[in-house]
Student: 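Here you go, one structure.
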Amino acid sequence: MYCPQCKSEYREGFTTCAECQIPLIEGLPPDEEEIEEEDSGVKILLETTHPTSLDPLIIQLEERGIPYIVQSGTALSMLEGRMVAPLPEDWRAVVLVPSENFATAQSIMAEIKTEPTEENEPG
């Protein structure tokens, strides 16, 4: 039994929502049912259309021993500096890390974004 307003679930035998004071229904309509996302064990750390953003991130993940997956047809050859063909206009890459390493990987990304580059270092 569910409350159609606050979506609270009740055991069999209850007929009214304790908070909303409205009658419970047998089940939520399919478009309103909350679907719990299962943790697949990996989380998306970065989605990018800029291949140059991959290099510093991958280097830091490697140095710190954080496993990762890069999903892209050409990303690995670009990291080695050997682009075989020009990038298609809709090129993108996704970097995934294990869920247990996600917070650490996010902090690495934050460090990379705040590190000064040669171009913006004070002269």
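Sequential numbering from 1 along the given sequence is applied to the chain's residues.
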Student: Quick one: closest heavy-atom pair of Tyr10 and Cys17, and the distance?
Tutor: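 Minimum heavy-atom contact is OH-SG, 3.3 Å.
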Student: Could you tell me the separation between the CD1 atom of Ile59 and the CD1 atom of Ile112, rounded to the nearest 0.5 Å?
Tutor: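 Taking CD1 in Ile59 and CD1 in Ile112, the distance rounds to 8.5 Å.
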Student: To the nearest 0.5 Å, how far apart are CG in Leu45 and CG in Leu57?
Tutor: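 Between atom CG of Leu45 and atom CG of Leu57 there are 5.5 Å.
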Student: Return the OG1 to CE distance between Thr104 and Met109, rounded to the nearest 0.5 Å.
Tutor: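 Spacing of OG1 (Thr104) from CE (Met109) equals 13.5 Å.
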Student: Please list, chain by chain and in numerical order, all residues satisfying side chain to side chain contact (heavy atoms under 4.5 Å, CB included) with Pro67, sequence neighbours excluded.
Tutor: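 Pro67: side chain to side chain contact (heavy atoms under 4.5 Å, CB included) contacts with Pro98, Asn101.
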Student: Once salt bridge (Lys or Arg N to Asp or Glu O under 4.0 Å) is applied, do any residues pair with Glu47, and if so which ones, sequence neighbours excluded?
Tutor: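 Salt bridge (Lys or Arg N to Asp or Glu O under 4.0 Å) list for Glu47, sorted by chain: Arg92.
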Student: In Å, rounded to the nearest 0.5 Å, how long is the span from CD of Glu100 to NZ of Lys43?
Tutor: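 Answer for the CD-NZ pair, Glu100 versus Lys43, is 10.5 Å.
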Student: Return the set of residues passing ring-ring contact (aromatic ring centres under 6.0 Å, His included) with Phe102 (not counting sequence neighbours), or none when no residue passes.
Tutor: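 Checked Phe102 against ring-ring contact (aromatic ring centres under 6.0 Å, His included); zero matches.
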Student: Taking the side chain as C-beta and beyond, is there a heavy-atom pair between Ile69 and Gln71 under 4.5 Å?
Tutor: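 Yes. Closest side-chain heavy atoms under 4.5 Å.
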Student: Any side-chain heavy atom of Pro23 within less than 4.5 Å of one from Thr15?
Tutor: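 Side chain of Pro23 against side chain of Thr15, heavy atoms only: no contact under 4.5 Å found.
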Student: With side chains defined as the heavy atoms from C-beta onward, is the minimum distance between Thr48 and Leu54 less than 4.5 Å?
Tutor: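 Answer yes - side chains close enough.
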Student: According to salt bridge (Lys or Arg N to Asp or Glu O under 4.0 Å), does anything in residues 8-21 pair up with another residue at least two apart or in another chain? List the pairs.
Tutor: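 Matches after skipping sequence neighbours: none remain.
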Student: Taking the side chain as C-beta and beyond, is there a heavy-atom pair between Val70 and Leu96 under 4.5 Å?
Tutor: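 The answer is no; the side chains never approach within 4.5 Å.
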Student: For Leu61 and Ala105, work out which heavy atoms get closest and say how close.
Tutor: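 Residues Leu61 and Ala105, closest heavy atoms: CD2-CB, 4.1 Å.
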Student: Take Ile22 and Cys3 through the side-chain contact (heavy atoms from CB on, under 4.5 Å) test and state the conclusion after the steps.
Tutor: CA-CA 7 Å; Ile22 60 174; Cys3 173; 3.9 Å; yes
Student: The criterion is side chain to side chain donor-acceptor pair (under 3.5 Å); which residues satisfy it with Glu62, sequence neighbours excluded?
Tutor: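 Side chain to side chain donor-acceptor pair (under 3.5 Å) list for Glu62, sorted by chain: Tyr68.
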Student: With Gln21, which residues qualify under side chain to side chain contact (heavy atoms under 4.5 Å, CB included), at least two apart?
Tutor: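 Gln21 satisfies side chain to side chain contact (heavy atoms under 4.5 Å, CB included) with Thr16 once adjacent residues are dropped.
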Student: Report yes if the side chains of Met1 and Ile25 come closer than 4.5 Å at any heavy-atom pair, otherwise no.
Tutor: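 Side-chain contact under 4.5 Å: no.
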